[in-house]
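Heads up, the thing below is written out as C-alpha coordinates.
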Amino acid sequence: MPELPEVETVVRGLDKYLPGKKIVSVDFDWPKSFPNSQQYIDNYLLGASVVGLRRRGKAIIIDLDTEYSLVIHLKMTGQLVYRGAEQRFGAGHPSQSLQGALPDKSTRVTFKLVDSSGKASKLFFNDQRKFGWARLLPTIELPSINFLKKMGPEPLAETTTADVFMSSVVRRKNSKIKAVLLDQTVIAGIGNIYADESLWLAKIHPEQPVNKISNSKMNKLFTQIKDVLELSINSGGSTDKNYVDADGNKGSFLTFANVFRRQGQACKRCGETIVKLRVAGRGTHICPKCQRLLK
DNA sequence: CACTTGACCTGTCCGC
DNA sequence: TGCGGACAGGTCAAGT
(Lines give C-alpha, C1' and ligand atoms only; values in the text may rest on other atoms or scores of the structure.)
Protein backbone atom coordinates (compact mmCIF):
# COMPACT_ATOMS: atom_id res chain seq x y z
CA MET A 1 0.00 0.00 0.00
CA PRO A 2 1.72 2.88 1.38
CA GLU A 3 3.64 5.00 -1.04
CA LEU A 4 5.20 8.41 -0.42
CA PRO A 5 1.94 10.36 0.20
CA GLU A 6 0.58 7.74 2.61
CA VAL A 7 3.85 7.51 4.53
CA GLU A 8 4.11 11.32 4.63
CA THR A 9 0.56 11.50 6.01
CA VAL A 10 1.38 8.95 8.71
CA VAL A 11 4.54 10.84 9.69
CA ARG A 12 2.71 14.18 9.91
CA GLY A 13 0.02 12.55 12.02
CA LEU A 14 2.48 10.93 14.40
CA ASP A 15 4.41 14.18 14.66
CA LYS A 16 1.36 15.69 16.40
CA TYR A 17 1.51 13.11 19.17
CA LEU A 18 4.85 11.37 19.66
CA PRO A 19 7.56 14.00 20.30
CA GLY A 20 8.34 14.25 24.01
CA LYS A 21 6.68 10.94 24.83
CA LYS A 22 8.65 8.16 26.49
CA ILE A 23 8.47 4.52 25.37
CA VAL A 24 7.86 2.33 28.39
CA SER A 25 7.21 -1.07 26.82
CA VAL A 26 7.06 -2.92 23.52
CA ASP A 27 5.19 -6.14 22.80
CA PHE A 28 5.35 -8.19 19.62
CA ASP A 29 4.32 -11.69 18.69
CA TRP A 30 5.85 -11.93 15.22
CA PRO A 31 9.64 -11.57 15.50
CA LYS A 32 10.15 -10.63 11.86
CA SER A 33 8.05 -7.54 12.47
CA PHE A 34 10.54 -6.36 15.11
CA PRO A 35 13.80 -8.29 14.78
CA ASN A 36 15.89 -6.67 17.53
CA SER A 37 17.29 -8.60 20.49
CA GLN A 38 15.75 -8.15 23.91
CA GLN A 39 19.02 -6.71 25.21
CA TYR A 40 19.07 -4.11 22.44
CA ILE A 41 15.46 -3.19 23.23
CA ASP A 42 16.16 -2.91 26.95
CA ASN A 43 19.23 -0.74 26.45
CA TYR A 44 18.16 1.64 23.72
CA LEU A 45 14.37 1.62 23.35
CA LEU A 46 12.78 1.26 26.77
CA GLY A 47 12.91 4.56 28.63
CA ALA A 48 13.81 6.47 25.46
CA SER A 49 11.87 9.58 24.49
CA VAL A 50 10.87 10.54 20.95
CA VAL A 51 12.70 13.61 19.69
CA GLY A 52 11.37 13.76 16.13
CA LEU A 53 9.81 12.08 13.09
CA ARG A 54 11.19 11.86 9.56
CA ARG A 55 10.36 10.20 6.25
CA ARG A 56 12.83 8.96 3.64
CA GLY A 57 11.13 7.49 0.59
CA LYS A 58 8.61 5.04 2.01
CA ALA A 59 10.51 4.61 5.29
CA ILE A 60 9.39 6.14 8.58
CA ILE A 61 12.12 7.19 11.01
CA ILE A 62 11.36 7.91 14.67
CA ASP A 63 14.41 9.48 16.34
CA LEU A 64 14.97 8.81 20.05
CA ASP A 65 17.01 10.62 22.69
CA THR A 66 19.22 7.54 23.09
CA GLU A 67 20.79 8.35 19.69
CA TYR A 68 18.94 5.36 18.32
CA SER A 69 16.08 5.47 15.81
CA LEU A 70 13.13 3.28 15.03
CA VAL A 71 13.00 2.68 11.28
CA ILE A 72 9.66 1.37 10.04
CA HIS A 73 8.63 0.15 6.60
CA LEU A 74 4.92 -0.48 6.10
CA LYS A 75 5.36 -2.46 2.86
CA MET A 76 1.95 -3.50 1.48
CA THR A 77 -0.45 -3.57 4.40
CA GLY A 78 1.27 -1.85 7.34
CA GLN A 79 -0.42 0.71 9.56
CA LEU A 80 0.89 2.85 12.41
CA VAL A 81 -2.05 3.96 14.50
CA TYR A 82 -1.79 6.11 17.61
CA ARG A 83 -4.28 5.98 20.45
CA GLY A 84 -4.17 8.60 23.17
CA ALA A 85 -6.61 10.55 25.28
CA GLU A 86 -5.72 13.84 23.56
CA GLN A 87 -7.34 12.69 20.32
CA ARG A 88 -10.76 13.36 21.89
CA PHE A 89 -12.88 11.62 19.30
CA GLY A 90 -16.44 12.80 19.66
CA ALA A 91 -19.68 11.40 18.29
CA GLY A 92 -19.73 11.70 14.53
CA HIS A 93 -15.98 12.08 14.24
CA PRO A 94 -15.02 10.88 10.75
CA SER A 95 -12.23 8.70 12.08
CA GLN A 96 -12.62 4.99 11.52
CA SER A 97 -10.34 4.34 14.45
CA LEU A 98 -13.06 3.86 16.99
CA GLN A 99 -14.61 1.12 14.87
CA GLY A 100 -13.04 -1.95 16.37
CA ALA A 101 -10.62 -1.94 19.23
CA LEU A 102 -6.87 -2.21 18.94
CA PRO A 103 -4.93 -4.38 19.16
CA ASP A 104 -6.64 -6.56 16.58
CA LYS A 105 -5.54 -9.70 14.75
CA SER A 106 -3.25 -7.73 12.44
CA THR A 107 -1.38 -6.02 15.30
CA ARG A 108 2.27 -7.11 15.23
CA VAL A 109 3.89 -4.62 17.61
CA THR A 110 2.41 -2.51 20.43
CA PHE A 111 4.39 0.37 21.91
CA LYS A 112 3.22 1.81 25.21
CA LEU A 113 4.18 5.41 25.93
CA VAL A 114 3.76 8.01 28.63
CA ASP A 115 3.85 11.81 28.41
CA SER A 116 5.62 14.12 30.86
CA SER A 117 2.65 14.04 33.21
CA GLY A 118 2.57 10.26 33.16
CA LYS A 119 -0.50 9.95 30.96
CA ALA A 120 -0.46 6.69 28.94
CA SER A 121 -0.92 6.18 25.20
CA LYS A 122 -0.19 3.46 22.65
CA LEU A 123 1.22 3.11 19.16
CA PHE A 124 0.07 0.08 17.19
CA PHE A 125 2.00 -1.34 14.25
CA ASN A 126 -0.56 -3.43 12.36
CA ASP A 127 0.37 -5.45 9.30
CA GLN A 128 -1.98 -8.02 7.85
CA ARG A 129 0.51 -9.58 5.47
CA LYS A 130 3.57 -9.39 7.76
CA PHE A 131 5.85 -7.94 5.05
CA GLY A 132 6.53 -4.76 7.01
CA TRP A 133 9.04 -4.30 9.79
CA ALA A 134 10.15 -1.97 12.55
CA ARG A 135 13.77 -1.95 13.59
CA LEU A 136 15.90 -0.11 16.11
CA LEU A 137 19.19 1.21 14.73
CA PRO A 138 21.85 3.72 15.82
CA THR A 139 20.80 7.09 14.37
CA ILE A 140 24.31 7.88 13.19
CA GLU A 141 24.44 4.66 11.18
CA LEU A 142 21.24 5.25 9.22
CA PRO A 143 22.96 6.85 6.21
CA SER A 144 25.03 3.69 5.77
CA ILE A 145 22.10 1.27 6.01
CA ASN A 146 21.97 -0.32 2.60
CA PHE A 147 18.48 0.56 1.42
CA LEU A 148 18.72 4.13 2.73
CA LYS A 149 22.19 4.62 1.28
CA LYS A 150 21.09 3.51 -2.18
CA MET A 151 17.77 5.37 -2.18
CA GLY A 152 17.28 7.91 -4.95
CA PRO A 153 16.33 11.59 -4.58
CA GLU A 154 13.15 12.74 -2.85
CA PRO A 155 10.76 13.92 -5.59
CA LEU A 156 9.33 16.75 -3.48
CA ALA A 157 12.64 18.11 -2.15
CA GLU A 158 13.50 21.57 -3.50
CA THR A 159 16.98 20.35 -4.34
CA THR A 160 15.49 17.68 -6.63
CA THR A 161 15.23 19.62 -9.84
CA ALA A 162 14.17 18.24 -13.20
CA ASP A 163 17.87 17.91 -14.04
CA VAL A 164 18.47 15.79 -10.94
CA PHE A 165 15.52 13.59 -11.91
CA MET A 166 16.76 13.22 -15.50
CA SER A 167 20.32 12.37 -14.54
CA SER A 168 19.09 9.72 -12.12
CA VAL A 169 16.63 8.21 -14.60
CA VAL A 170 19.09 7.91 -17.49
CA ARG A 171 21.06 5.32 -15.56
CA ARG A 172 18.32 2.97 -16.75
CA LYS A 173 17.83 4.33 -20.22
CA ASN A 174 16.90 0.98 -21.80
CA SER A 175 14.31 0.04 -19.20
CA LYS A 176 10.58 0.48 -19.32
CA ILE A 177 9.65 3.77 -17.73
CA LYS A 178 7.25 2.20 -15.24
CA ALA A 179 9.92 -0.17 -13.90
CA VAL A 180 12.23 2.83 -13.57
CA LEU A 181 9.69 4.86 -11.59
CA LEU A 182 9.18 1.91 -9.23
CA ASP A 183 12.95 1.57 -8.68
CA GLN A 184 13.59 3.26 -5.32
CA THR A 185 17.26 3.78 -6.16
CA VAL A 186 16.24 6.00 -9.11
CA ILE A 187 13.58 8.14 -7.42
CA ALA A 188 12.26 7.60 -3.90
CA GLY A 189 8.71 6.95 -2.81
CA ILE A 190 6.79 6.14 -6.01
CA GLY A 191 4.76 2.92 -6.05
CA ASN A 192 2.18 1.34 -8.29
CA ILE A 193 -0.60 3.90 -7.87
CA TYR A 194 1.42 7.04 -8.51
CA ALA A 195 3.46 5.45 -11.28
CA ASP A 196 0.24 4.73 -13.20
CA GLU A 197 -1.30 8.10 -12.41
CA SER A 198 1.73 10.20 -13.36
CA LEU A 199 2.27 8.27 -16.62
CA TRP A 200 -1.36 8.89 -17.61
CA LEU A 201 -1.02 12.58 -16.78
CA ALA A 202 2.15 12.83 -18.90
CA LYS A 203 0.63 10.68 -21.70
CA ILE A 204 3.45 8.14 -21.63
CA HIS A 205 3.03 4.40 -22.16
CA PRO A 206 4.39 2.48 -19.13
CA GLU A 207 6.40 0.13 -21.40
CA GLN A 208 8.12 2.98 -23.23
CA PRO A 209 11.90 2.63 -22.82
CA VAL A 210 13.40 5.70 -21.18
CA ASN A 211 15.68 6.47 -24.14
CA LYS A 212 12.63 6.69 -26.43
CA ILE A 213 11.03 9.46 -24.38
CA SER A 214 11.79 13.05 -25.33
CA ASN A 215 13.34 15.46 -22.86
CA SER A 216 10.25 17.61 -22.85
CA LYS A 217 8.06 14.62 -22.02
CA MET A 218 10.40 13.57 -19.25
CA ASN A 219 10.26 17.09 -17.85
CA LYS A 220 6.50 16.96 -17.99
CA LEU A 221 6.50 13.58 -16.27
CA PHE A 222 8.59 14.94 -13.41
CA THR A 223 6.20 17.86 -12.96
CA GLN A 224 3.22 15.48 -12.97
CA ILE A 225 4.86 13.19 -10.42
CA LYS A 226 5.27 16.09 -8.03
CA ASP A 227 1.74 17.35 -8.66
CA VAL A 228 0.10 13.97 -8.13
CA LEU A 229 2.09 13.28 -4.97
CA GLU A 230 1.16 16.68 -3.54
CA LEU A 231 -2.50 16.26 -4.45
CA SER A 232 -2.52 12.91 -2.71
CA ILE A 233 -0.83 14.26 0.42
CA ASN A 234 -3.49 16.96 0.50
CA SER A 235 -6.13 14.21 0.23
CA GLY A 236 -4.66 12.20 3.09
CA GLY A 237 -3.27 9.58 0.72
CA SER A 238 -4.93 6.64 -1.04
CA THR A 239 -6.93 3.99 0.73
CA ASP A 240 -7.36 0.98 -1.52
CA LYS A 241 -7.96 -1.49 1.25
CA ASN A 242 -5.79 -1.33 4.33
CA TYR A 243 -4.23 2.12 4.52
CA VAL A 244 -5.11 4.44 7.40
CA ASP A 245 -3.28 7.43 8.86
CA ALA A 246 -1.95 7.87 12.41
CA ASP A 247 -5.47 8.59 13.69
CA GLY A 248 -6.96 5.60 11.88
CA ASN A 249 -8.55 7.68 9.11
CA LYS A 250 -8.71 6.56 5.48
CA GLY A 251 -7.33 8.66 2.62
CA SER A 252 -9.45 9.97 -0.24
CA PHE A 253 -7.02 10.35 -3.14
CA LEU A 254 -8.44 7.42 -5.11
CA THR A 255 -11.59 9.45 -5.77
CA PHE A 256 -9.30 11.63 -7.93
CA ALA A 257 -7.55 8.71 -9.64
CA ASN A 258 -7.64 8.86 -13.43
CA VAL A 259 -6.56 5.31 -14.22
CA PHE A 260 -5.69 3.30 -11.12
CA ARG A 261 -8.31 0.56 -10.62
CA ARG A 262 -10.47 2.22 -13.31
CA GLN A 263 -10.22 -0.53 -15.95
CA GLY A 264 -13.44 -0.77 -17.95
CA GLN A 265 -14.34 2.86 -17.24
CA ALA A 266 -13.99 5.82 -19.58
CA CYS A 267 -10.78 7.85 -19.80
CA LYS A 268 -11.53 11.24 -18.26
CA ARG A 269 -9.57 12.92 -21.04
CA CYS A 270 -10.66 11.19 -24.26
CA GLY A 271 -13.46 8.74 -23.34
CA GLU A 272 -11.58 5.62 -24.42
CA THR A 273 -11.96 2.61 -22.12
CA ILE A 274 -9.22 2.24 -19.52
CA VAL A 275 -7.50 -1.14 -19.72
CA LYS A 276 -5.40 -3.12 -17.29
CA LEU A 277 -2.19 -4.84 -18.31
CA ARG A 278 0.86 -6.28 -16.60
CA VAL A 279 4.11 -4.33 -16.74
CA ALA A 280 7.23 -5.15 -14.73
CA GLY A 281 5.18 -7.78 -12.94
CA ARG A 282 2.65 -5.27 -11.66
CA GLY A 283 -0.96 -4.59 -12.49
CA THR A 284 -0.87 -1.50 -14.71
CA HIS A 285 -3.69 0.79 -15.82
CA ILE A 286 -3.60 2.90 -18.97
CA CYS A 287 -5.69 4.71 -21.51
CA PRO A 288 -4.66 2.96 -24.75
CA LYS A 289 -5.47 6.08 -26.78
CA CYS A 290 -3.71 8.69 -24.64
CA GLN A 291 -0.71 6.48 -23.88
CA ARG A 292 0.64 5.07 -27.13
CA LEU A 293 3.75 2.94 -27.33
CA LEU A 294 6.10 4.78 -29.73
CA LYS A 295 8.78 3.13 -31.84
C1' DC B 1 23.52 -5.25 -16.72
C1' DA B 2 18.37 -5.76 -17.61
C1' DC B 3 14.68 -8.35 -16.82
C1' DT B 4 11.77 -12.10 -14.88
C1' DT B 5 10.31 -15.05 -11.34
C1' DG B 6 9.69 -16.57 -6.82
C1' DA B 7 9.56 -15.61 -1.95
C1' DC B 8 7.85 -13.33 1.98
C1' DC B 9 2.35 -13.56 4.20
C1' DT B 10 -2.80 -13.12 4.79
C1' DG B 11 -7.20 -12.30 2.98
C1' DT B 12 -10.56 -11.77 -0.56
C1' DC B 13 -12.75 -12.62 -4.70
C1' DC B 14 -14.01 -15.36 -8.70
C1' DG B 15 -15.02 -19.54 -11.28
C1' DC B 16 -16.18 -24.29 -11.09
C1' DT C 1 -20.79 -24.35 0.52
C1' DG C 2 -16.17 -25.70 -0.67
C1' DC C 3 -11.86 -25.55 -3.11
C1' DG C 4 -8.24 -23.88 -6.08
C1' DG C 5 -6.15 -20.14 -8.16
C1' DA C 6 -5.22 -15.39 -9.02
C1' DC C 7 -4.38 -11.21 -7.13
C1' DA C 8 -3.25 -7.19 -3.79
C1' DG C 9 -0.28 -0.65 -2.48
C1' DG C 10 6.60 -3.44 -1.75
C1' DT C 11 11.10 -5.13 -1.83
C1' DC C 12 14.79 -8.84 -2.07
C1' DA C 13 17.36 -12.62 -3.92
C1' DA C 14 18.31 -15.63 -7.43
C1' DG C 15 17.92 -17.12 -12.02
C1' DT C 16 18.24 -16.33 -17.23
Side-chain angles (χ1 to χ4, degrees), chain A residues 1-10 28-35 55-60 71-80 100 103-109 125-135 145-152 169-199 206-212 225 228-229 232-233 235-245 250-264 276-285:
Chain A
M1 76 88 35
E3 307 179 30
L4 187 154
E6 292 74 35
V7 176
E8 178 67 22
T9 304
V10 168
F28 52 97
D29 64 353
W30 184 258
K32 286 184 181 176
S33 296
F34 196 78
R55 177 189 62 73
R56 179 71 176 101
K58 300 173 191 173
I60 297 165
V71 182
I72 300 168
H73 201 302
L74 302 175
K75 290 288 181 84
M76 301 278 261
T77 57
Q79 306 174 331
L80 268 183
D104 64 20
K105 62 195 280 193
S106 76
T107 301
R108 308 299 169 205
V109 189
F125 174 32
N126 305 326
D127 186 17
Q128 179 186 93
R129 288 175 71 181
K130 299 180 175 176
F131 291 165
W133 46 265
R135 196 166 168 206
I145 301 302
N146 209 23
F147 88 103
L148 290 174
K149 183 172 65 183
K150 295 194 323 198
M151 196 175 286
V169 162
V170 293
R171 291 192 287 111
R172 297 196 49 186
K173 53 185 162 50
N174 297 312
S175 305
K176 296 169 181 174
I177 183 63
K178 175 154 178 176
V180 176
L181 294 181
L182 294 176
D183 181 344
Q184 301 299 295
T185 71
V186 170
I187 183 87
I190 299 174
N192 211 30
I193 296 175
Y194 305 106
D196 282 6
E197 290 298 316
S198 56
L199 288 168
E207 295 180 298
Q208 197 70 52
V210 165
N211 61 6
K212 299 282 178 53
I225 286 168
V228 78
L229 293 176
S232 183
I233 290 170
S235 310
S238 297
T239 295
D240 179 40
K241 187 167 166 46
N242 290 278
Y243 169 74
V244 294
D245 68 13
K250 297 182 178 186
S252 63
F253 172 79
L254 284 185
T255 62
F256 302 107
N258 291 297
V259 282
F260 189 78
R261 293 284 160 81
R262 290 196 69 247
Q263 63 269 29
K276 182 175 180 182
L277 34 147
R278 191 155 279 267
V279 179
R282 312 297 304 278
T284 298
H285 312 76

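These numbers were taken from a predicted model, which means no experiment stands behind them.
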Atom pair distance, as rounded to whole Å: [atom1] in [X] and [atom2] in [N]:
X	N	atom1	atom2	answer
A/K105	B/dC9	NZ	P	17 Å
A/K176	B/dC1	NZ	C1'	16 Å
A/K149	C/dC12	NZ	P	13 Å
A/D183	C/dC12	CG	C1'	12 Å
A/R129	B/dC9	CZ	P	11 Å
A/L74	C/dG9	CG	P	16 Å
A/Y194	C/dG10	OH	C1'	14 Å
A/L182	C/dT11	CG	C1'	11 Å

A/N126 and A/K105 side chains, donor-acceptor separation under 3.5 Å: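 Judged by distance alone, the side chains do not pair up.
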query: Side chain of A/F260: nearest nucleotide among B/dC8, B/dA2, C/dG9?
result: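 Of the candidates, C/dG9 comes closest.
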task: Looking only at side-chain atoms of A/S175, point me to the closest of C/dG9, C/dA8, B/dC3.
output: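 Looking only at heavy atoms from C-beta outward on A/S175, the closest nucleotide is B/dC3.
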Give one of base, sugar-phosphate or nothing for [X], where a contact means two heavy atoms less than 4.0 Å apart.
X	value
A/R261	sugar-phosphate
A/K150	nothing
A/G191	sugar-phosphate
A/W133	nothing
A/D240	base
A/K173	nothing

message: Taking atom types as they are modelled, would you say the side chain of A/R172 forms a donor-acceptor pair with the base of B/dA2 within the 3.5 Å cutoff?
response: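 Flag unset: no donor-acceptor pair detected.
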Does OP1 or OP2 of [N] have a side-chain N or O of [X] closer than 4.0 Å?
X	N	result
A/K130	C/dT11	no
A/H73	C/dT11	yes
A/K276	C/dA8	yes
A/Q184	C/dG10	no
A/K58	C/dT11	yes
A/K32	B/dC9	yes

Nearest-angstrom distance, [atom1] atom, [N] to [M]:
N	M	atom1	answer
C/dA6	B/dT5	C1'	16 Å
B/dG6	C/dG5	P	14 Å
B/dC1	C/dG10	P	25 Å
C/dC7	B/dT4	P	16 Å
C/dA8	B/dC3	C1'	22 Å

Would you name the heavy atoms of [X] and [Y] that are closest together and state the gap between them?
X	Y	answer
A/V7	A/P2	CG2-CB, 3.9 Å
A/G189	A/Q184	N-OE1, 2.8 Å
A/G283	A/N192	O-ND2, 2.9 Å
A/V71	A/W133	O-CZ3, 3.5 Å

- prompt: 5'-most contact on DNA chain C: A/R278 or A/F147, nearest heavy atom basis?
  reply: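 This one resolves to A/R278.
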message: Can you tell me the base-pairing partner of C/dC3? Count Watson-Crick or G-U wobble geometry only, both distances below 3.5 Å, and say none if there is no partner.
response: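 C/dC3 is paired, partner B/dG15.
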- request: Could you check A/R171 against A/K241 and say which one's nearest nucleotide on DNA chain B is further toward the 5' end?
  value: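 Nearest-nucleotide comparison on DNA chain B picks A/R171.
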- request: Would you please determine if the base of C/dG9 is stacked by A/Y243, with stacking meaning a centroid separation under 5.5 angstrom and planes under 30 degrees?
  value: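 Base of C/dG9: not stacked against A/Y243.
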message: According to a cutoff of under 5.5 Å between the ring centres and under 30° between the ring planes, does A/F131 stack with the base of B/dC9?
response: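 No, aromatic ring not over the base.
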query: Does CZ in A/R135 sit with more than 12 non-hydrogen atoms of other residues, nucleotides or ligands closer than 6.0 Å?
result: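 Atom CZ in A/R135 is not crowded, with 12 or fewer foreign heavy atoms closer than 6.0 Å.
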message: For A/A195, is there any backbone N or O sitting under 3.5 Å from a side-chain donor or acceptor partner on A/E197?
response: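 Pair absent, no side-chain N/O of A/E197 close to backbone of A/A195.
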